[in-house]
Engineer: 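The following block contains the structure, expressed as structure tokens.
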Amino acid sequence: MGNSASSWPCSTKSCFHNGVPTETIDDENGVRPVLSDFMRAMPVQGAGCSLPAPPPDVQMQDQPGSEKSRQSACCVVYIERIGHRGGPGAASAAVSTVSGFSGSGGSQNSSKARTKAAGMSMRQTMGVRKSVPPEKLDEAKVASFKESLRRAGIDTSSWGYRGAKSVEHLYWETYHQRGCIIIGLNDANKIKRVTRLLKIRLVAEIFGMDHVLYSRMQFMHDGQTVERKQVPLKKLKWENVDDAKLAEAPAAIYAEDSPFTEPWRGGCKKTLEERLGMNSTWQALHLIEEPEMYKYSTEDNLKSDGYPGLNTLYCIHEVTFRVRDPAHAGVQIIGLPEGQEFATAEGEFRFNGLHDDDGLAIGTQLNIWTWIREAPPVQVRKLCSEASCEKTGPATAMAVVPPVVQKSGAGEVRLIRRVPLPTSSAHCLRTMQARMSQINKKPPNGILWSAMERQQTDWAKAKTIAKRIFDPKYSLMQFNEDLSAFPELNLYLLEERATECSTGEANMSSGRTIGDEYQRTIGAFFAIYWMMRIDIDGQDGFACGVDENWQPITGVVDKEDLRVTQPEKRTAFQKNAKWDFFKKLLLDAGLFDEKVTKGVFKTTSKLVVNEKRLVSLLALTAIHDIMKMRVILPEVQIQHAPYHGYASADTIGDHDHALSYVMEHYPTALPSFRDLDEVEKRSVQFTQCNLCFNHGWFVQAEATPGAMLSSLKQVLSGASGADLSFYFFHWLTDISGAEGRPLAGAEKLTVKFPLA
């Protein structure tokens with residue numbers, strides 16, 4: 001596009017609104033869209049938007065009652081320029097792209113620019129009050145105001161261009177919105193804009209890490225497009241202020257509770273309703289304030305990006321709210337639980353308004369909102385350099401961050417119970433995605449082969465786990481780091497864009513997100529760790545989880561203990577569980593061996609780890625659920641058909657059968673299975689291929705007993721007791737991690753399952 005320095009909301013031949021292309025203009029500024037009729041309210045369903053509309057009951061109950069702030073069932077689609085300096089994804093908060101969808105501004109770095117179409121759900125919000133079209137402002141007063149600025153030494157010739165706001169905008173902000181005051185207007189040495197801001201940090205836990213909501217792109221009323229990171233904010237309204245009062249109490253301008261503006265505390269709800277469309281009922285249901293995170297600060301004599309040359313005093317209140325339950329259906333409207341982008345149109349903002357006689361009102365705009373991960377609370381140890389990730393060898397290393405401790409209420413400690421996703425492995429994941437983008441038709445699934453290309457299991461690290469599992473000094477954190485030995489874990493972390501899927505939904509056959517499956521798998525690993533250490537610290541960790549230092553929580557005595565959820569159930573489990581039975585199951589499964597020592601006077605015995613058997617269990621746990629990712633499901637080849645009811649060329653939809661098929665016919669595709677010895681391979685295959693029995697279904701009554709037990713009876717006649725126990729222990733640990741909160745212990749088993 002000729003005007004390549006912009007990010008345009010548009011409807012061009014390469015950018016469709018609800019699947020309908022519209023005309024373009026081709027002139028000296030290049031090809032650009034005609035924006036009239038763009039923002040019609042169209043149904044979200046079928047629009048190709050990445051953010052699903054909330055369920056009907058959520059819309060009725062959770063959304064603000066007024067028409068302006070109700071969920072708007074439409075999509076916004078725009079062309080975004082990528083690959084240029086300061087473009088989307090840049091960390092700087094400065095204005096970096098400006099020349100907007102009006103077609104003004106010219107080309108910058110066009111030879112290196114690329115464009116992409118982006119689409120998302122959009123909702124209408126109330127926006128700031130007192131919005132006024134520029135043509136409705138008093139021209140004489142605006143001209144007088146502009147002359148006053150000139151006499152004070154402010155050059156306004158660049159205002160209104162390249163991201164700067166216009167003189168009309170400052171006039172509106174000062175005298176209509178009353179969001180700022182100008183002091184010293186008649187003195188070139190003292191002129192200053194003073195504004196008091198209320199900033200809202202909206203925090204949500206996404207895939208185990210805290211993320212903060214930012215507007216990363218703003219489409220302004222005058223046609224400019226501005227890219228910057230900005231939290232939801234409000235300019236507090238100035239009241240009861242004049243020159244005489246300011247002269248009497250100049251320090252009151254800087255005071256935390258200024259008598260000259262509306263109270264900041266009351267502005268919190270207004271900010272969330274005006275900027276995001278959250279009414280007070282929705283806020284009370286889904287948000288909780290974190291009062292200890294409140295901050296007040298002043299920044300004086302700063303050069304304003306919006307008004308070049310005009311010094312500004314910012315007095316900033318920063319208030320933090322946390323989303324109570326990111327998985328609740330009611331918070332889908334803000335892109336949760338996956339952290340998807342969404343858009344809001346504030347006030348009467350509409351794209352075809354650019355061509356109206358009055359234009360769009362000052363104070364209206366469209367925001368593109370995104371969730372950005374917060375910096376880790378402690379320094380992350382990088383365990384895998386970019387260079388080492390590129391080499392053939394052990395795949396992605398994991399970065400371990402202790403769970404963040406947040407206070408929410410009097411004395412209550414809130415622990416993030418999910419394990420942070422790998423951070424130092426980003427380069428390795430990009431490498432994998434790049435390989436997957438190339439066409440690979442190798443059976444039974446080209447994407448699986450591409451993803452696992454040149455990947456090897458770090459068997460030395462895996463064997464270290466087995467050697468040290470009984471070591472009291474071998475911590476859960478170190479265990480989590482060592483799980484990077486298994487490259488198949490990366491498959492849970494691949495983003496859907498790597499498969500060129502544009503639905504925006506996680507591509508998992510279990511109905512959960514990719515991040516959830518990763519957390520469940522880590523939960524199963526942690527259950528293995530705790531079970532193997534029953535006589536060390538395993539009982540505490542299994543029943544109650546770990547604290548902020550990843551140490552087992554001990555001393556839970558009553559229901560008032562705020563360190564854990566449902567403490568009475570956890571303590572009952574820890575007290576009444578048949579721990580000796582669990583140890584016997586470990587022994588029967590071959591994970592423990594009993595070492596007998598005959599002495600002169602007595603014979604003693606102790607349990608020792610069967611390291612080879614434990615490594616096999618870890619490998620099974622790593623690969624057990626990878627086929628819940630639909631993009632790597634195998635296709636039955638003609639020489640293997642039929643396979644468990646699937647005909648030739650069918651994609652195997654059942655994730656257990658899919659894994660069985662790969663292990664039987666394409667074992668080299670899975671490094672952690674490929675390199676096991678033949679005896680251990682048979683044990684692993686027994687759990688997936690031969691048994692044909694899903695104990696989870698049986699326990700939860702998800703299948704008829706007759707159909708399941710008849711096949712089980714046939715298999716048992718030729719199965720070894722060790723392999724059968726191996727399967728049941730694998731099931732036990734799998735169900736223990738099913739809640740997807742590994743740091744909270746085996747929640748599914750200790751809290752959700754009744755003790756017999």
Side-chain angles (χ1 to χ4, degrees), residues 205 208 325 327 402-403 405 412-419 469 475-477 479-480 510 512 516-586 589 591 617 621 624-625 694-702 725 727-756:
E205 181 187 328
D325 180 8
V405 179
E412 182 179 350
V413 175
R414 179 185 183 279
L415 287 176
I416 295 178
R417 298 300 190 173
R418 291 160 72 94
V419 173
I469 198 72
S475 68
L476 181 66
M477 187 178 293
F479 174 75
N480 187 56
S510 67
R512 293 172 177 257
D516 282 336
E517 291 300 337
Y518 176 80
Q519 298 293 335
R520 295 177 76 194
T521 301
I522 297 300
F525 274 120
F526 284 9
I528 294 172
Y529 172 87
W530 287 317
M531 278 291 183
M532 296 293 293
R533 297 165 62 94
I534 283 180
D535 292 330
I536 305 174
D537 52 11
Q539 293 186 33
D540 291 321
F542 194 88
C544 299
V546 296
D547 61 17
E548 64 273 17
N549 297 314
W550 288 44
Q551 297 300 312
I553 294 175
T554 60
V556 177
V557 293
D558 56 40
K559 64 181 180 180
E560 302 301 324
D561 197 318
L562 298 177
R563 295 175 297 168
V564 296
T565 58
Q566 302 189 54
E568 64 280 6
K569 289 188 176 181
R570 294 176 184 270
T571 54
F573 182 93
Q574 188 169 1
K575 179 181 178 181
N576 300 319
K578 307 299 183 183
W579 296 106
D580 287 339
F581 169 80
F582 291 142
K583 288 201 295 185
K584 184 178 185 304
L585 181 61
L586 287 162
L591 294 162
L617 177 65
T621 304
H624 171 62
D625 280 337
N694 189 314
H695 195 242
W697 290 0
F698 182 71
V699 170
Q700 298 176 81
E702 295 179 10
S725 297
Y727 165 78
F728 280 113
F729 184 74
H730 164 65
W731 172 83
L732 180 70
T733 56
D734 187 49
I735 202 69
S736 296
E739 287 297 290
R741 289 185 289 271
L743 300 174
E747 275 192 307
K748 188 75 169 183
L749 205 62
T750 59
V751 175
K752 301 296 180 68
F753 276 30
L755 281 173

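Not measured: the values here are computed from a predicted model. Hydrogens, waters and symmetry mates are skipped; everything else that's a heavy atom, side chains included, is used.
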Engineer: Write down the atom of I469, the atom of R533, and the distance for their closest heavy-atom approach.
Structural biologist: O-NH1, 2.9 Å
Engineer: Before you tell me yes or no, could you show the steps for E517 and D625 under side chain to side chain contact (heavy atoms under 4.5 Å, CB included), namely the whole-Å CA-CA distance, both residues' side-chain angles and the distance that decides it to 0.1 Å?
Structural biologist: CA-CA 8 Å; E517 291 300 337; D625 280 337; 4.1 Å; yes
Engineer: Looking at every non-hydrogen atom in both residues, tell me the closest pair between D547 and I553 and how far apart they are.
Structural biologist: N-CG1, 3.7 Å
Engineer: Salt-bridged, E739 to R520, with N to O below 4.0 Å?
Structural biologist: no
Engineer: Ignoring hydrogens and geometry, is there a side-chain-to-backbone donor-acceptor pair from W579 to M531 under 3.5 Å?
Structural biologist: no
Engineer: Tell me whether Q519 contacts the main-chain N or O of V419 through its side chain, where contact means a donor paired with an acceptor under 3.5 Å.
Structural biologist: yes
Engineer: Distance check, rounded to the nearest 0.5 Å: H624 atom NE2 versus T733 atom OG1?
Structural biologist: 8.5 Å
Engineer: Considering all heavy atoms of both residues, which atom of W530 and which atom of D537 are nearest to each other, and what is their separation?
Structural biologist: CD1-O, 4.5 Å
Engineer: Work out which heavy atom in K748 is nearest to a heavy atom in I735; give both atom names and the distance.
Structural biologist: CB-O, 3.0 Å
Engineer: Quick one: CG on L743 to CG on N480, what's the gap to the nearest 0.5 Å?
Structural biologist: 8.0 Å
Engineer: Quick one: closest heavy-atom pair of T565 and E747, and the distance?
Structural biologist: OG1-OE2, 3.3 Å
Engineer: Determine yes or no for a side-chain-to-main-chain donor-acceptor pair under 3.5 angstrom, with R563 supplying the side chain and T554 the backbone.
Structural biologist: yes
Engineer: Quick check: does any side chain N or O of R570 sit under 3.5 Å from a backbone N or O of T750, one acting as donor and the other as acceptor?
Structural biologist: no
Engineer: Please report the shortest heavy-atom distance between S736 and F542, naming the atom on each side.
Structural biologist: OG-CZ, 3.4 Å
Engineer: In terms of ring plane angle, is the pair Y529 and F479 parallel, tilted or perpendicular, where the classes change at 30° and 60°?
Structural biologist: tilted
Engineer: At what distance, to the nearest 0.5 angstrom, does NZ of K583 lie from CG of L591?
Structural biologist: 14.5 Å
Engineer: Let me see the working for W731 and F728 under ring-ring contact (aromatic ring centres under 6.0 Å, His included), right down to the final yes or no.
Structural biologist: CA-CA 5 Å; W731 172 83; F728 280 113; 7.3 Å; no
Engineer: Working to the nearest 0.5 Å, report the span between CZ of R741 and CD of E205.
Structural biologist: 9.0 Å
Engineer: Taking the side chain from D734 and the backbone from H730, do they hold a donor-acceptor pair closer than 3.5 Å?
Structural biologist: no
Engineer: Main chain of A327, side chain of D325: is a donor-acceptor contact present, judged purely on distance under 3.5 Å?
Structural biologist: yes
Engineer: Rounded at 0.5 Å granularity, tell me how far OG1 in T571 sits from CG in N576.
Structural biologist: 9.0 Å
